[in-house]
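So the structure is just underneath, and the comments pick up after that.
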Amino acid sequence: SKGKIITVVGSGLIGRSWAMVFLSGGYRVQIYDSQPGQASRAIAEIRKQVEELQNAQMLRGNLSATEQLSLLSSHDDLSQALEGAFFVQECVFEDLQAKQTVFQSVESHVGEDTILSSSTSCLMPSNVFSLVQNPKRCIISHPVNPPYYVRLVELVPHPETLPTAMDMAFELMTEVGQAPVRLRKEIDGFALNRVQYAIIAECWRLVKDNVISVKDIDLVMSEGLGMRYAFIGPVETMHLNAPNGLEDYLGRYRDGIRRVLSSFGPIPEFDGEAAARINKEICELIPSDQEHLSARRERRDQLLMGLAKLKK
Ligand code: NAD
């Protein structure tokens, strides 16, 4: 990573987190934001966080806070911010047109070999990169919030993305301590949100149909499934949960799984009386004012920090 430059375009929540991840790997990070002054505010915020992490002995990488911060710069001019970059991580608003325009202008300022990477959560690569001349070096690197503690990155190719571009992104993410996974082709929701939405849908149905309370369905995940999912996935779970592995598991449970799945019912509306009732129930547990939400977010990040330590 010595001396190599990564440009982060868009310095909100995710742009700042990416900057911290890349700094921890020893990369030079040049931040650009279209809102004047926002990139320098991002630097002040990153400085504060990196110093706090060092004090808590949670700073990632081999460099000290001061060394990492010396690699960081902010720019109000896009072409300046892109100077010398071998990798560009886009983190602007989740708006297709904004991203298309950003990549069009980014492409006009960088060489053929620079990898163009988007943080989009829900947009498809073939749409995000539709105005780019050379989509062979374009990729989506979808992080999970907060990326500093939750290391998964979903790498999703455009139909024309070269395998070498995927490999490069994979190596970079691994080097800076993230946990990249490769999707072989684009699909709506990528992998993480498809799984997440399946879970949300069934939790919603169970509460909506008065089978269980909001508090208890959340405990089903946090005290049950979540305990193992922090370390092993659903396929390994199946493999370990029968004496002779996956085939044995299927022999025992196939019919039961199919029977239960066939009772799931239609996609919930996430609206109307059920939404009002579920909102009321969660707000009795955690009021939706900024003070309570921030306190719970802080608690979440503290716990994730501990878990990240444990997983190392
Ligand atoms: P945010 O609103 O916090 O930040 C967006 C930043 O982009 C702002 O600072 C804004 O000034 C800047 N911006 C807007 N248009 C720009 C342009 N044309 N050029 C340069 N900068 C521009 O948003 P966020 O939560 O950081 O999300 C950024 C991206 O990351 C989105 O695509 C989002 O879907 C994705 N993402 C977010 C999360 C999450 O949990 N927040 C998780 C994974 C991925």
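Note that ligands are numbered from 1 as they come in the structure, with each ligand's atoms numbered from 1 the same way. Along the sequence shown, the residues carry numbers beginning at 1. Reckoned from all heavy atoms, side chains included, excluding hydrogens, waters and symmetry mates.
Atoms of ligand 1 found under 4.0 Å from any heavy atom of Ser119 (numbered from 1 in listed order, with element): 30 (O), 35 (C), 36 (N), 44 (C). Using a 4.0 Å cut-off to heavy atoms of Gln35, the atoms of ligand 1 that qualify are 11 (O). Per-residue contacts place Thr120 under 4.0 angstrom from the following atoms of ligand 1 (heavy atoms of the residue considered): 32 (O). Counting atoms of ligand 1 from 1 in the listed order, those under 4.0 Å from a heavy atom of Gln38 are 9 (O). The Tyr32 neighbourhood of ligand 1 comprises atoms 19 (N), 20 (C), with distances under 4.0 Å to a heavy atom of that residue. The contact set between ligand 1 and Cys91, taken as ligand atoms under 4.0 Å from a residue heavy atom, comprises 5 (C), 6 (C), 7 (O), 28 (C). Applying the 4.0 Å criterion to heavy atoms of Lys99 picks out, from ligand 1, the atoms 31 (C), 32 (O).
With hydrogens left out, the protein atom closest to atom 18 (N) of ligand 1 is Val102 CG2, 3.3 Å, a heavy atom. Ranking protein heavy atoms by distance to atom 17 (C) of ligand 1, first place goes to Ser34 OG, 3.3 Å. Closest to atom 43 (C) of ligand 1, if we only count protein heavy atoms, is Pro143 O, 3.2 Å. The closest protein non-hydrogen atom to atom 36 (N) of ligand 1 is Ser121 OG, 3.3 Å. Scanning all protein heavy atoms for the shortest distance to atom 11 (O) of ligand 1 gives Asp33 OD1, 2.6 Å. What sits closest to atom 1 (P) of ligand 1 on the protein, heavy atoms only, is Gly12 CA, 4.0 Å. Protein heavy atom in closest approach to atom 40 (O) of ligand 1: Asn145 CB, 3.2 Å. Closest to atom 3 (O) of ligand 1, if we only count protein heavy atoms, is Leu13 N, 3.1 Å.
Using modelled atom types, one finds no donor on one side chain facing an acceptor on the other under 3.5 Å when comparing Tyr148 with Gln178. Under 3.5 Å, the side chains of Thr237 and His239 contain no donor-acceptor pair of N or O atoms. Side-chain contact of Glu90 with Ser119: a donor-acceptor pair under 3.5 Å is absent, judged by distance alone. Residues Ser117 and Ser141 have side chains that bring a donor and an acceptor to within less than 3.5 angstrom of each other. The closest side-chain donor-acceptor pair between Asn55 and Glu52, if any, does not fall under 3.5 angstrom.
Two rings, from Phe270 and Tyr197, have their centers 6.0 Å or more apart. Ring to ring, Phe190 and His142 are close: their centroids are under 6.0 angstrom apart.
Taking the charged nitrogens against the carboxylate oxygens, Arg137 and Glu107 do have a contact shorter than 4.0 Å, which makes a salt bridge. Salt-bridge formation is not detected for the pair Arg41/Glu45: no Lys NZ or Arg NE/NH1/NH2 atom is positioned less than 4.0 Å from an Asp or Glu carboxylate oxygen. A salt bridge is absent between Asp301 and Arg297; no separation between the charged side-chain nitrogens and carboxylate oxygens falls under 4.0 Å.
Distance check on atom 9 (O) of ligand 1: some protein heavy atom falls below the 4.0 Å cut-off.
Taking the ring axis of Tyr27 as reference, the NZ or CZ atom of Lys4 does not stay both within 45° of it and closer than 6.0 Å to the ring centre.
Close N/O approach between His142 and ligand 1 is not found [any backbone or side-chain N/O within under 3.5 Å]. Considering backbone and side-chain N/O of Ile14, one or more are found under 3.5 Å from N/O of ligand 1.
Residue-level proximity to ligand 1 for Val92 is carried by backbone and side chain together, each with a heavy atom below 4.0 angstrom.
Between Phe22 and Trp18, the ring planes lie parallel to each other; the angle is under 30°, not in the 30° to 60° tilted range.
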